Every structure is written in structure tokens, then in C-alpha cells.
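Proteins come first, then strands; the chains are lettered A, B, ... in the order of their sequence lines, and each starts at number 1. Values below: every heavy atom of this structure, side chains too, minus hydrogens, waters and symmetry copies. Since this is a predicted model, take the numbers as computed values, not measurements.
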Number of protein chains: 4
Amino acid sequence: MQTKKDEIRKTILEAAQKEFLIHGYEGASMRTIAKKANTTLGNIYHYYENKEAILEELLREPVEKVKKMIDDHVKLQDDLYTMAEMQELLGDLDNLMDYHEMQCLLDERLVILFDLRTTHFVKIRDDAIHKFKQHLAWHLGMDDDDSAYVDIIMNTFIACVRHVLSEHKGTEESKKEFIKVFKVLCAGVMSNRKEEE
Amino acid sequence: MQTKKDEIRKTILEAAQKEFLIHGYEGASMRTIAKKANTTLGNIYHYYENKEAILEELLREPVEKVKKMIDDHVKLQDDLYTMAEMQELLGDLDNLMDYHEMQCLLDERLVILFDLRTTHFVKIRDDAIHKFKQHLAWHLGMDDDDSAYVDIIMNTFIACVRHVLSEHKGTEESKKEFIKVFKVLCAGVMSNRKEEE
Amino acid sequence: MQTKKDEIRKTILEAAQKEFLIHGYEGASMRTIAKKANTTLGNIYHYYENKEAILEELLREPVEKVKKMIDDHVKLQDDLYTMAEMQELLGDLDNLMDYHEMQCLLDERLVILFDLRTTHFVKIRDDAIHKFKQHLAWHLGMDDDDSAYVDIIMNTFIACVRHVLSEHKGTEESKKEFIKVFKVLCAGVMSNRKEEE
Amino acid sequence: MQTKKDEIRKTILEAAQKEFLIHGYEGASMRTIAKKANTTLGNIYHYYENKEAILEELLREPVEKVKKMIDDHVKLQDDLYTMAEMQELLGDLDNLMDYHEMQCLLDERLVILFDLRTTHFVKIRDDAIHKFKQHLAWHLGMDDDDSAYVDIIMNTFIACVRHVLSEHKGTEESKKEFIKVFKVLCAGVMSNRKEEE
DNA sequence: CATGAATGAGTTTTCATTCAT
DNA sequence: CATGAATGAAAACTCATTCAT
């Protein structure tokens with residue numbers, strides 16, 4: 001039955017996701033995943049070629065979505081935000097998250113991606129972060145993409161995505177939490193630029 | 001010779017620190033540490049009871065310092081910062097890092113601590129973070145220690161400590177970097193509170 | 001449908017034969033055989049009790065034929081070849097292979113048999129080889145069945161059967177190739193005996 | 001102690017050689033090798049990086065010797081043997097094997113090489129065989145290196161090396177056996193060429 | 001008949017740790 | 001003190017085989 005197969009595939013995937021979150025991909029054990037998925041070690045290999053294949057299926061969707069989000073952002077090529085626009089944006093922040101683009105960030109699986117130390121996803125992740133940082137730098141009118149500000153924003157962004165996801169799993173609450181984070185973050189950057197002007 | 005013994009202890013410790021940073025404590029291999037310390041696997045066990053003992057010695061100092069820093073902060077019981085005081089603080093931020101208390105945060109070993117997934121240090125770390133968050137909440141006049149603002153600050157703090165340490169290893173540059181981060185962060189929180197007032 | 005059943009049996013058998021040839025019986029994988037036979041792993045077990053049963057069906061025919069060939073040869077108890085007879089035989093060698101007895105040697109499945117390291121066929125094979133060697137020794141007037149000459153002929157015989165089968169799969173070409181081999185071989189043995197006489 | 005280490009290395013190597021001969025490299029089990037070497041599975045990995053490393057150490061010497069033998073033969077570029085020279089060679093065959101070049105062929109480890117189905121040694125082996133066949137073809141004045149005669153000789157050569165080694169392990173007896181084989185083989189080829197002339 | 005999910009023992013390999021020398 | 005041989009458990013993965021549907 002295909003129904004059952006898909007169900008077990010999903011069960012394995014969910015068990016793997018949990019284990020990857022707790023112990024990291026590298027530290028997670030296939031045996032434990034099998035146990036938590038109520039199946040045997042060998043049987044997992046009927047569904048996934050190997051450990052990395054599970055990671056692959058787990059990360060495919062969120063990675064593609066994030067990639068698309070970044071690409072869409074970059075393509076827009078919208079002008080630098082003026083202070084006024086920035087403030088307007090902040091005021092309307094509550095609606096920001098309704099913007100479908102941002103939704104992809106509230107995905108638990110991204111935490112797994114952030115913690116990866118091996119596999120080709122490391123490069124994918126770092127490339128995506130770099131791209132995003134470059135665009136962010138242009139967005140904020142920075143000359144050097146290695147500028148501290150960009151790094152700060154980027155790291156805070158990631159740190160908060162991670163935190164929001166691990167502590168407030170419900171999507172609705174997560175969204176609100178994320179908005180708050182983003183608001184404070186933007187306020188910080190803005191007031192800093194104001195000082196410099 | 002006690003000198004030589006101490007030297008080897010130190011060499012092992014340094015090799016372990018590098019390996020722990022790259023692969024994480026759990027992912028680091030005693031064999032590799034032995035090789036990088038130019039000694040043998042078995043000899044490490046003359047200096048350290050086991051893998052965790054190395055971690056213990058490695059983290060003792062930074063953990064105690066951070067603990068002390070938090071305790072000192074809490075004991076001061078200084079009043080809530082008024083907006084004015086806060087702004088004054090920000091203006092003088094360049095001297096902030098000279099404050100010996102903060103120096104302890106620029107320690108590479110804290111990154112290892114942040115990434116830990118096993119051992120009793122996880123509890124120590126989480127307790128310390130919780131304590132700091134509680135104090136931070138009181139500091140900022142928040143009623144709930146789980147408030148988003150505190151989490152934001154906390155996470156940004158950690159994320160930036162991590163980043164500053166991994167990208168700018170020289171202490172001097174690190175300090176400047178850290179100050180920038182902290183400045184933006186405070187500015188954000190402050191402007192946010194101003195809005196609310 | 002019995003027709004279909006037989007067809008699938010045959011397909012499995014052919015897939016197994018290919019795999020056994022490439023990786024050897026022991027190294028061949030049931031999964032791969034299933035895939036190459038366009039069926040499922042489980043379904044193979046409806047046609048064959050286990051892996052060895054496939055080998056059994058695969059080797060039954062060629063083994064029996066070879067056994068019969070050897071027995072027939074032994075039963076003939078024809079006299080020792082004189083040098084003259086031997087030379088006559090060689091002259092007529094091109095017709096030798098038309099002799100139906102020999103045809104059984106040009107069977108790809110014998111290569112699988114030669115490479116076997118497990119199962120009861122090992123004994124069957126070794127017994128057959130031993131019998132053939134004994135008869136060959138008698139044929140050539142050797143006193144000791146372990147004589148080098150017999151071993152040489154036997155091994156060359158097998159080696160060439162193997163080679164002819166793996167390089168020239170078309171039966172017609174194989175036949176010619178085999179004749180050449182046999183001719184040279186006999187010439188060698190003969191000229192050697194001549195020397196000794 | 002280095003003495004003991006080398007001894008155990010040797011013990012493991014010998015156990016591996018036996019197992020490889022019986023079950024083939026691919027079919028041999030590290031567990032069994034460990035047991036037969038009176039050590040533990042894990043301990044083998046102190047001496048050899050992996051299974052293939054054992055094969056590597058096992059085959060290095062015989063492979064290099066055979067390669068050298070072939071190269072030396074090819075470099076000589078000696079003329080085609082005339083029939084007379086060939087016969088002289090045959091008469092002096094008993095001394096042929098004293099020729100140090102040939103000694104390398106009487107090595108049990110070559111049987112392991114011949115039976116290999118995986119690892120890079122397959123290419124090394126096939127390249128060496130091809131080189132030898134080409135030279136042999138030139139030696140015998142054949143125009144086509146794929147000629148049946150060359151294949152015959154080559155296969156017989158290998159088959160007999162294999163047989164001699166597996167049945168007559170004592171070097172002295174092996175040598176005599178090998179000479180007989182070679183004699184018959186040459187006689188066969190020679191008488192065949194005579195016929196053609 | 002056919003499917004493919006399931007199993008359990010097998011494989012090679014790595015690891016932290018112990019111990020005799 | 002130092003060495004490195006030894007150990008045993010656990011890792012990822014494969015395999016022949018079974019069985020419910």
C-alpha cells in the first residue's frame with residue numbers, strides 16, 4: 001500500500017527531524033531514529049538510501065524556499081530605504097510577516113541547517129547567507145559587505161529564527177515573536193544610521 | 001619536570017580547543033587531538049581522566065568568569081536605567097569594553113560552550129543564560145523574563161559573541177567589533193522603549 | 001498462465017546468470033537480480049526457494065551434461081592413443097567440436113561453476129574435475145593422476161573454456177576459438193611425449 | 001615494542017592472505033581475519049587503515065616484481081625467436097626458472113590478484129596482462145595482439161601459475177612443476193608455427 | 001501471483017578508553 | 001611518564017529472507 005509507505009516515510013522523517021534537532025545531524029544515530037520511528041534500522045534503508053538522503057528530503061523544501069526568497073528580494077532591486085520609508089515599514093511591521101516570502105523562515109528545519117558541520121548543505125547554507133548579506137549591505141547602503149552592521153543583522157536574524165523556533169513552536173506565536181525581534185533589530189540599525197548622518 | 005608536564009597539558013588543551021571549535025565537543029576525536037598535540041592517544045589519559053575532563057579544564061575559567069560577571073551584575077542591584085542614563089551609557093560605550101567584567105565574553109571557549117549538546121555543562125550554560133535573562137529583564141523593567149525583548153538581546157548577544165570570536169580572533173579588533181554590535185543592539189531596545197512610553 | 005510463469009522464471013534465471021558471471025555467485029546481490037529481472041525481491045522467492053535454488057536450476061543442465069560427457073568418455077574405455085592416432089585426431093580437429101559431447105563445454109554457466117567458492121557444487125565440480133583428470137591420465141598413459149601433464153591440460157582446458165566464453169560469446173566463433181586452443185594444447189602434449197619416447 | 005608490532009602486522013597479513021585465497025578478497029571477512037590472527041576486529045585497524053590497505057600491502061611486492069619483469073622483457077627488444085633458438089631455449093628450460101625474473105611468478109599472492117573483482121588492482125592487473133600479451137604477440141611474430149594464440153598462452157600461463165601455487169606450495173616443487181607447464185606450452189605453440197610455415 | 005515492508009544478522013569502520021610494558 | 005597495542009561497543013550500511021496484504 002502506498003498510503004502506508006508514505007506514512008512510514010513521514011514517521012521516519014519526523015523522527016529524524018527530532019533527533020537532528022536534539023543531537024545535530026552528525027550526532028544523531030540511525031538506530032535511535034529507527035527506534036523512535038517504531039521500525040528497525042534496516043527498514044529505514046528501504047525508504048532512504050542513507051542518512052544523508054533523509055537530511056536531503058528534510059531540507060529540500062525549506063532550502064528551496066529560502067533560496068527563492070533571497071532571489072526574489074535581490075531581483076526587486078528596490079531603492080535604498082530612506083529613513084521615512086524605514087519608519088513606515090516598521091510601523092507596518094505587523095503586516096510584514098503576512099508577506100508570504102518571510103513565512104519560509106519560520107521553519108524548524110532551518111535550525112538543523114544552521115547547525116550542520118558536514119555534507120554539501122554547508123556550502124549551500126554559507127552561499128545563501130553570503131548572498132543575503134551582500135544584498136542586505138546594498139539595501140542598507142553599506143559599502144563593504146563585511147561591515148559589522150550586516151554581520152550583526154545577519155547573525156541576529158539567524159539567532160532569532162533559531163530561538164523563536166525552538167521555544168515557541170506554534171506558528172501564530174512564532175510569527176508575533178519574530179516580528180518583535182525584527183522590529184527591535186531594525187530600530188537599532190536605523191537609530192545608528194541616524195547618528196551617523 | 002613540572003614545567004614540561006604543564007606544557008604538555010597546555011598543548012593538549014590547545015589542540016582540544018581547536019578540535020572542539022571545528023567539530024564541536026561531541027564530534028571531536030581523541031585520536032585527532034592526540035595527533036595535533038604531538039603526543040599519543042594513551043598519553044592524554046595521563047593528563048586527563050577522559051574526554052570530558054579536558055572539556056572541564058577548558059571551560060572552567062570562562063564559565064566561572066561569566067558566572068561571576070552575572071552575579072556581580074545582579075548583586076549591584078543598580079536601579080533601572082532611565083532613558084537618559086541609557087543614552088549616556090551608549091555615548092560612553094567605547095569605554096564599556098574596558099570594563100573588566102565584559103572582557104570575559106571575548107573568549108573563544110564560550111563558542112564551544114554554546115554548541116554543547118551533552119555533559120553537565122549544558123545545564124550550567126542554560127542556568128547562566130536564564131539568570132542573565134532574568135536580570136536583564138529586571139534591568140529593562142520587563143515584567144516577564146520570557147519576554148521577547150530579553151530573548152532578542154540575549155540571542156543577539158550570544159550570536160555576536162560567537163561571530164566576533166570566530167571571524168575576528170585578534171582581541172583588539174574583537175573588542176571594537178563587539179562594541180559596535182552592542183551599540184546597535186542597545187539603540188534598538190532603547191528606541192523601542194521610547195516608542196512605548 | 002503457466003507460460004507467463006515460465007517466462008518470469010526464465011527472466012530471473014537470465015538476470016541471475018548475468019549477475020553471477022559479473023560478481024560471482026557469492027558476490028551477486030538478490031536485489032540487483034530482482035531489478036535486472038524487472039521484478040521484485042519478494043517475488044523471486046515465489047519462483048525460487050532461495051539464492052542457492054537459482055544456482056541449482058542454473059547449473060543443473062550444464063553440470064549434468066559435463067558429467068555425462070565424462071562418464072561416456074570413461075565408459076568407452078578406448079585404447080591409448082598411439083602417436084599416429086593422435087595426429088590423425090589433430091588433423092581432423094575441425095570436426096572434433098561437432099562431436100556433440102564437446103558442445104556442452106561451451107556453456108557460459110560453467111564459468112560460474114568454476115568460480116564458485118561455496119555450496120555443494122564445489123564438491124561436484126572438484127569431483128568431476130578429478131574424474132576427468134584420472135581418465136585423461138589413463139588416456140595419455142600417465143601413471144600418476146597428479147602428474148603435471150594432466151594438470152596442465154586440465155587447467156588450460158578450463159582457462160580456455162572460461163576465456164572463450166567470456167570474450168567470444170557467439171557460439172560459432174567460440175567453437176573456432178576453442179578448436180585452436182585445443183589444437184595447440186594437444187600439439188604441446190604430443191611433442192612432449194615424442195621427446196620422452 | 002616494535003618487534004611485537006611487526007610480528008602482529010605479519011600475523012594479520014598472513015591470516016588475511018589465507019582468507020583472501022579461500023574466499024577471495026571481496027568475500028573475506030575482517031572478523032574472520034581478526035579471529036584467525038588471534039586479535040580483535042578493532043585492533044586490526046591499528047595496523048591497517050582498512051581492508052583495502054591489507055590488500056595493498058599484500059600485493060605491493062608481487063605486483064611490482066611482475067611489472068618489473070614485464071618491463072625488463074619488453075625493454076630487451078630481442079629479436080624474434082627462430083625455431084632453432086626456441087628449441088634451444090626449451091632444451092635449457094631447466095635453467096630458465098633460475099632466471100631471477102621468472103621467480104616472481106611463483107607467488108601465492110598472485111592468485112589473489114587474479115581473482116580480484118574490485119579495487120584499483122583490477123586495472124593494474126588488466127593493464128599488466130595486456131602489456132604482456134602485446135609483447136608476447138610481438139615475440140611470436142603475431143600481427144594481432146588479440147590473436148587466439150596469445151590468449152591461449154596467456155591464459156594457460158595464468159591458469160598454471162594459479163594451479164601450481166595452490167597445489168604445490170613448496171617452492172622447489174613448484175619450480176619443477178612450472179617448468180613442465182612452460183615446456184609443454186612452448187612445444188604446443190612451436191609445433192603449431194611449424195605447421196603454419 | 002505480486003508487492004514491498006519488515007527483520008535480524010551480517011558487513012566494514014570508528015571511537016573512547018584501558019593496560020601492559 | 002610515555003607508548004601504542006588491545007578492547008568492546010557503537011556507528012552506518014547491506015543482505016538474504018519472510019510475510020502480511
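B:L21 contributes atom CG, which lies 9.5 Å from atom CD of B:E19 (distance to the nearest 0.5 angstrom).
Going from atom CD1 of D:I8 over to atom P of F:dG4 covers 14 Å, rounded to whole Å. C:Y48 has its OH atom 15 Å from the C1' atom of E:dC1, to the nearest Å.
If you find the closest nucleotide of DNA chain E to A:I44 and to B:Y25, the one lying nearer the 5' end belongs to A:I44. Between C:H46 and C:A28, the residue anchored closer to the 5' end of DNA chain F is C:A28, taking for each the nucleotide with the nearest heavy atom.
With hydrogens and angles disregarded, no donor-acceptor distance shorter than 3.5 Å links the side chain of A:R109 to the backbone of A:Q17. The backbone N or O of B:R117 lies less than 3.5 Å from a partner atom in the side chain of B:E26, making a donor-acceptor pair. At distances below 3.5 Å, not a single donor-acceptor pair connects side-chain atoms of B:K36 with backbone N or O atoms of B:E14. Using a distance-only test at 3.5 Å, with no hydrogens or angles considered, no donor-acceptor pair links the side chain of C:R31 to the main chain of C:L41.
Within residues 30-42 of chain A, the residues having any heavy atom under 4.0 Å from DNA chain F are, by residue number, A:M30, A:R31, A:L41, A:G42. Only B:N50, B:K51, listed by number, bring a heavy atom of residues 49-57 of chain B to less than 4.0 angstrom from any atom of DNA chain E.
When side chains are defined from C-beta on, B:M30 counts as touching B:I54, because their heavy atoms get closer than 4.5 Å. Under the 4.5 Å side-chain criterion, counting only non-hydrogen atoms from C-beta, C:L55 is in contact with C:I112. Counting only heavy atoms from C-beta outward, the side chains of B:L116 and B:L59 approach each other to under 4.5 Å.
The side chain of C:N43 sits closest to E:dT3 out of E:dT3, E:dA6, E:dT11. Which of E:dA5, F:dT3, E:dA2 sits closest to the side chain of C:Y47 comes down to E:dA2.
Other residues, nucleotides and ligands place no more than 12 heavy atoms under 6.0 Å from the CD atom of B:E49.
Put simply, D:Y45 has no side-chain N or O that comes within less than 4.0 Å of OP1 or OP2 on F:dA6.
Looking at A:D127 and A:K123, a side-chain N of the basic residue comes within less than 4.0 Å of a carboxylate O on the acidic one, giving a salt bridge.
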Discussion item. Dot-bracket for DNA chain E, please. Rules: Watson-Crick or G-U, both distances under 3.5 Å, ( ) within the strand, [ ] when a pair crosses earlier ones, | for another strand, . otherwise.
Written reply: .||||||||||||||||||||

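A cation-pi arrangement is present between C:R9 and C:Y48 under the rule of less than 6.0 angstrom and at most 45 degrees off the ring axis.
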